[in-house]
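What follows is a single structure, written as structure tokens, with notes after it.
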Amino acid sequence: MGQSSIFDKLLEEKTVFKNKEILRPSYTPKELPHRKKQVNEIARILVPALRSETPSNILIYGKTGTGKTVAAKHIGRELEEKGEELKVNCSVIYLNCKVVDTQYRVLAHLARHFDKDVPLTGWPTDQVYKDLRDALDERKRVVTIMLDEIDKIIGKSGDDILYNLSRINSDLERAKVSIIGISNDLKFTEDLDPRIKSSLGEEDIIFPPYNADQLRDILTQRAKKSIKEKVLEDEVIPLCAAFAAQEHGDARRALDLLRVAGELAEKEGERITEEHVRKAQNKIEIDRVVEVVRTLPTQSKLVLMTIIKLYETKNDSLTTGEVYETYKELSNHIDIETLTQRRVTDLISELDMLGIVNAVVISKGRYGRTKEISMSVPIEEIREVLLEDYRLSGLEGYKPSIQSTFDNDV
DNA sequence: ATTCCACAGGAAGCGACGGCCC
DNA sequence: GGGCCGTCGCTTCCTGTGGAAT
């Protein structure tokens with residue numbers, strides 16, 4: 001292949017998308033179809049900010065891909081713009097509690113927003129709190145703090161942050177603070193301190209899942225700006241919508257499907273077809289899992305490897321005990337520190353939460369209580385990724401010895 | 001009705017690390 | 001450099017439990 005043809009070929013390929021960014025979940029469109037009611041409701045609650053009064057705190061509920069984050073950011077932006085226009089000092093701070101996941105980090109993040117120099121670690125937490133409070137109170141203003149995925153933070157030191165933030169107003173002279181909590185979990189307030197619960201949930205907004213028709217509207221709206229008209233076959237959008245509707249009406253999934261289908265079509269230099277959507281469905285899942293597995297810590301990888309090896313030879317679901325026995329053997333074999341069973345239990349639970357394995361607690365009556373573990377994704381791809389880790393490469397082809405379980409020789 | 005297995009999973013806390021302060 | 005602080009991965013110790021077997 002001649003050098004000059006490399007770019008020629010790539011340029012030719014650019015036949016599907018006009019602007020791919022629009023299909024990414026991070027893109028915030030101007031219009032949010034089928035969310036007018038929620039948007040208006042939130043706006044109504046936040047209006048006082050424009051009159052320099054404290055708005056009520058809000059809790060927003062809804063499953064993934066129901067537009068909570070997009071709606072919140074959208075409103076936040078509008079609020080700031082309007083504030084500027086009216087010469088009212090009101091600002092919106094967005095942060096994701098899955099990333100910023102401790103009290104210290106939340107406070108530090110907020111303080112940094114006001115140009116305070118707070119280190120990643122090292123200061124006592126109340127020092128950061130004081131800095132934040134002083135920074136806030138420097139002038140008259142209304143600050144709206146959006147805590148996305150707020151359910152990820154409670155149960156840690158999270159209660160404290162929510163408590164501190166919700167009563168920060170009584171510590172302020174000039175500034176005012178309101179909080180918007182965004183949660184995937186409808187019941188997360190249940191194990192929350194009732195005081196926080198009532199102050200945080202002054203107003204509740206629910207984002208119901210989209211149905212297939214609504215998803216279709218969303219996709220059509222975005223496709224118009226992002227994909228060239230003539231390459232999109234008619235069935236594609238309805239199919240993306242249908243697939244995503246099955247996954248609890250997840251608009252993010254719908255957009256991903258359309259985007260990946262487009263990428264696949266682009267590679268083959270074709271129009272986007274139904275077939276591409278089906279392939280995309282598969283590819284998204286595998287890509288996700290491969291990426292997750294690749295970035296797993298070694299011990300988790302080893303536990304996963306153990307499960308794979310056992311699952312293959314036994315072809316049946318496993319128990320924690322079995323996995324742990326073999327894990328011990330494998331870790332010795334490749335000279336990796338052996339963790340306790342308690343820790344391995346946690347690692348298995350983490351793999352479960354990542355959707356790589358299935359772990360269900362079952363009771364076998366007389367024979368105890370355990371987790372029933374099985375793989376929930378294709379084994380082959382994963383094994384390959386695991387073996388890429390040099391510390392695990394010694395396990396290639398290694399067959400674990402399987403202890404006879406007592407119930408088959410009685 | 002009781003017993004008892006094989007764990008689940010909570011609580012506490014340890015040591016290392018990276019960072020602050022003085 | 002010494003004394004703290006927050007965070008992480010981990011261990012130790014622990015109490016709790018669904019349901020087959022008795």
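Sequence lines set the chain letters: A, B, ... in the order given, protein chains first and strands last, and positions in each chain run from 1.
- The main-chain N or O of A/A244 is never found under 3.5 Å from a side-chain atom of A/D250 such that the two would form a donor-acceptor pair.
- Considering only side-chain atoms of A/T102, the nucleotide from C/dG19, C/dT7, B/dC7 that sits closest is C/dT7.
- In this entry the distance linking CZ of A/R369 with P of C/dG19 reads 9 Å, nearest Å.
- Considering only the side chain of A/R366, B/dT3 comes nearest among C/dC10, B/dT3, B/dC7.
- Ring centroid separation for the pair A/H34 and A/Y210 does not come in under the 6.0 Å cut-off.
- In terms of modelled atom types and a separation under 3.5 Å, the side chain of A/R141 and the main chain of A/L136 share a donor-acceptor contact.
- Atom NZ of A/K82 is surrounded by 12 or fewer heavy atoms from other residues, nucleotides or ligands within 6.0 Å.
- In terms of phosphate contacts, A/T125 brings a side-chain nitrogen or oxygen within less than 4.0 Å of OP1 or OP2 of C/dG6.
- Cation-pi contact between A/K116 and A/F114: absent, since separation from the ring centre below 6.0 Å together with deviation from the ring axis within 45° is not met.
- In this structure, CD of A/E372 is placed 16 Å from P of B/dA6, rounded to the nearest angstrom.
- Within a 6.0 Å sphere centred on CD of A/E381, other residues, nucleotides and ligands contribute more than 12 heavy atoms.
- Side chain to side chain, A/Y129 and A/D171 meet the donor-acceptor criterion of an N or O pair below 3.5 Å.
- For the pair A/T320 and B/dC7, the criterion of a side-chain N or O lying under 4.0 Å from OP1 or OP2 is not met.
- Side chains of A/E372 and A/L318 form no contact here, defined as non-hydrogen atoms less than 4.5 Å apart.
- Residue A/Q127 is out of contact with every strand shown, counting any heavy-atom pair closer than 4.0 Å.
- The CD1 atom of A/I150 lies 11.5 Å from the CG atom of A/N184; values are rounded to the nearest 0.5 Å.
- Between A/L296 atom CG and C/dG9 atom P the separation is 12 Å, expressed in whole Å.
- In this entry the distance linking CD1 of A/I161 with C1' of C/dT7 reads 14 Å, nearest Å.
- Nucleic acid contact class of A/I362 (heavy atoms, under 4.0 Å, all strands): none.
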Please write out each protein N/O paired with an N/O of nucleotides 9-12 of chain B under 3.5 Å, distance rounded to 0.1 Å.
residue: B/dG9; atom: OP2; partner: A/K371; partner atom: NZ; Å: 3.1
residue: B/dG9; atom: N7; partner: A/R342; partner atom: NE; Å: 3.3
residue: B/dG10; atom: N7; partner: A/R342; partner atom: NH2; Å: 2.8
residue: B/dG10; atom: O6; partner: A/R342; partner atom: NE; Å: 2.8

Nucleotides 19-22 of chain B: which of its N/O atoms have a protein N/O under 3.5 Å away?
residue: B/dC20; atom: O3'; partner: A/W123; partner atom: NE1; Å: 2.8

